[in-house]
Number of protein chains: 2
Amino acid sequence: MMAFSKIEQPQLFKQQVYEEIKNAIINHQILPGEPLYERNLSESLGISRTPIREAIQQLELEGWVKSIPRKGTFVNNISEKDVEEVLQLRRAIEGLVMELLIPTITDEQLEKVEQIYFSQSAQREDNKRFIAIDKDFHNYLAELSGNSRVVQLMQTISDQMRWFGIRALNQLGRAEQTLREHEMILTALKKRDLAAAKEAIFTHIEHTRIAVRKSLQT
Amino acid sequence: MMAFSKIEQPQLFKQQVYEEIKNAIINHQILPGEPLYERNLSESLGISRTPIREAIQQLELEGWVKSIPRKGTFVNNISEKDVEEVLQLRRAIEGLVMELLIPTITDEQLEKVEQIYFSQSAQREDNKRFIAIDKDFHNYLAELSGNSRVVQLMQTISDQMRWFGIRALNQLGRAEQTLREHEMILTALKKRDLAAAKEAIFTHIEHTRIAVRKSLQT
DNA sequence: CTGAGGTATATGGTATACCAGATACCTCAT
DNA sequence: ATGAGGTATCTGGTATACCATATACCTCAG
């Protein structure tokens with residue numbers, strides 16, 4: 001018998017629409033306050049309203065848009081409060097990740113973390129890739145926590161960070177600072193030193209907070 | 001001009017259906033593995049499939065059910081892993097709540113916490129009400145954090161706790177222990193003592209974990 | 001000119017029709 | 001008896017039709 005590869009079921013429309021719109025929001029192609037009309041999207045994408053409604057609902061549950069019955073759905077604003085909230089949450093979650101991580105991390109996993117760190121270092125000139133790898137770094141650590149709810153939460157947090165933080169890296173020296181801080185985390189992990197790891201991640205988040213706030217004021 | 005009261009817009013079907021099904025799951029009227037067929041629900045509830053689909057999607061995003069394309073959607077199981085995951089998350093979130101809470105809590109708010117504590121104490125014989133007030137206690141603390149994302153997360157966590165923990169309270173003396181632990185938290189809050197508050201909440205969660213695990217084994 | 005009230009036309013909410021994949025069962029050649 | 005293959009009938013996915021509300025604009029009496 002031939003070696004057939006498993007046929008994967010086709011991706012549902014609603015999932016594709018969800019990704020598409022979310023990316024458009026994160027990349028600031030759709031701005032806060034702008035409407036998302038179902039019929040409009042339906043025509044643009046060449047599909048019916050049903051999958052679009054479902055994609056929009058998911059976006060609303062994740063806080064990207066706000067739907068007002070019989071008026072429309074609109075992209076939410078980013079306030080300074082949002083930044084504070086997300087970063088407070090991130091601090092707690094990544095602290096937890098460190099606690100769960102340290103007792104179980106293997107040498108192979110540490111190597112992979114280091115590898116991500118190196119590839120990020122190599123891309124320090126390319127802002128977009130740098131940010132993509134930054135996300136990988138934090139999400140991989142979340143995966144190593146072994147807690148699927150934490151992984152999911154961290155993904156949402158990463159997306160929101162990308163949304164309002166994409167310009168924070170343009171600040172002079174922020175990329176280098178990020179790399180130094182990631183290195184601190186990596187070093188602490190290698191030693192399996194929980195206190196140092198938590199301190200390193202907290203410092204990193206605090207500096208990120210400052211950078212993001214600065215970028216919002218401009 | 002007469003004093004008219006504002007007309008509130010009617011609740012959407014999908015929201016009602018969502019509540020209904022979620023409660024049925026939490027109260028173990030629908031058991032893990034059981035199917036939720038759209039047409040079936042549609043007939044039972046006397047409405048069309050559209051709002052039902054949207055309610056089911058929300059339930060899926062929150063992890064209550066799993067939808068398999070063209071097969072059906074089924075109530076998820078509760079594994080010990082789920083208990084661990086939720087309680088790990090809860091520990092991190094409620095720890096954060098304490099950190100955010102202590103510097104800002106007012107005397108009036110403290111009084112309200114105490115009031116909730118008293119009313120829970122008064123209902124120690126009525127399991128159902130006791131659990132409802134327990135939820136109020138923790139959710140109110142979350143509100144005082146001033147972080148809306150934390151509030152929402154805590155609500156989801158509370159629901160899941162209710163789902164797999166409803167029998168934990170049947171254990172001998174668990175209600176009294178819960179009350180003592182809540183009192184510890186309250187005392188620490190009154191002193192604005194962060195370290196003591198965190199220790200108290202961590203102890204409470206750890207004991208809850210043990211009780212829930214025991215109740216799952218029976 | 002002004003503004004109350006009608007009206008056309010947006011919107012999302014809901015109901016319904018139809019499609020394709022999944023499944024169980026039946027049929028029938030072996 | 002058995003099992004391959006057809007078939008009826010489940011399922012969710014998608015498209016479409018229709019409804020009520022919300023809104024902007026128009027009309028016309030004053």
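Proteins come first, then strands; the chains are lettered A, B, ... in the order of their sequence lines, and each starts at number 1.
A:Arg49 has its CZ atom 12 Å from the C1' atom of C:dA15, to the nearest Å. Atom CZ in B:Arg70 sits about 9 Å away from atom C1' in C:dC19, given to the nearest Å. Look at CD on A:Gln16: it is 9 Å from P on D:dT14, rounded to the nearest Å. In this structure, A:Arg39 places its CZ atom 13 Å from C1' of D:dA22, rounding to the nearest Å. Taking atom CD of residue A:Glu38 and atom P of nucleotide C:dT9, one finds them 21 Å apart after rounding to whole Å. Atom pair B:Leu36:CG and D:dG12:P shows a separation of 9 Å (rounding to whole Å applied). Taking atom CD on B:Gln15 and atom P on C:dG12, their separation rounds to 18 Å, with Å as the unit. The distance between atom CZ of B:Arg53 and atom C1' of D:dT14, rounded to the nearest whole Å, is 8 Å.
Of the candidate nucleotides C:dA15, D:dT14, C:dG13, D:dT14 has the atom nearest to the side chain of A:Ser48. Set against D:dT11, C:dG12, C:dT16, the side chain of A:Thr73 has C:dG12 as its closest nucleotide.
Within the structure, a side-chain polar atom (N or O) of A:Lys71 is placed less than 4.0 Å from OP1 or OP2 of D:dT23.
Atom CZ of B:Arg91 sits about 13.5 Å away from atom CG of B:Leu96, to the nearest 0.5 Å. The OG atom of B:Ser44 sits 5.0 Å away from atom CG of B:Asn40, with the distance rounded to the nearest 0.5 Å.
With respect to the salt-bridge test (charged N to carboxylate O, under 4.0 angstrom), the residues B:Arg209 and B:Glu84 qualify.
Across all strands shown, B:Ile56 has no heavy atoms under 4.0 Å from either base or sugar-phosphate atoms.
The nearest heavy atom of DNA chain D to B:Ile68 and to A:Ile47 marks one nucleotide each, and the one closer to the 5' end goes with B:Ile68. Mapping A:Pro69 and B:Asn40 onto DNA chain D by nearest heavy atom places B:Asn40 at the nucleotide closer to the 5' end.
With a 4.5 Å cut-off on side-chain heavy atoms, A:Val150 and A:Glu143 do not count as touching.
The backbone N or O of B:Arg53 lies less than 3.5 Å from no partner atom in the side chain of B:Glu38, so there is not a single donor-acceptor pair.
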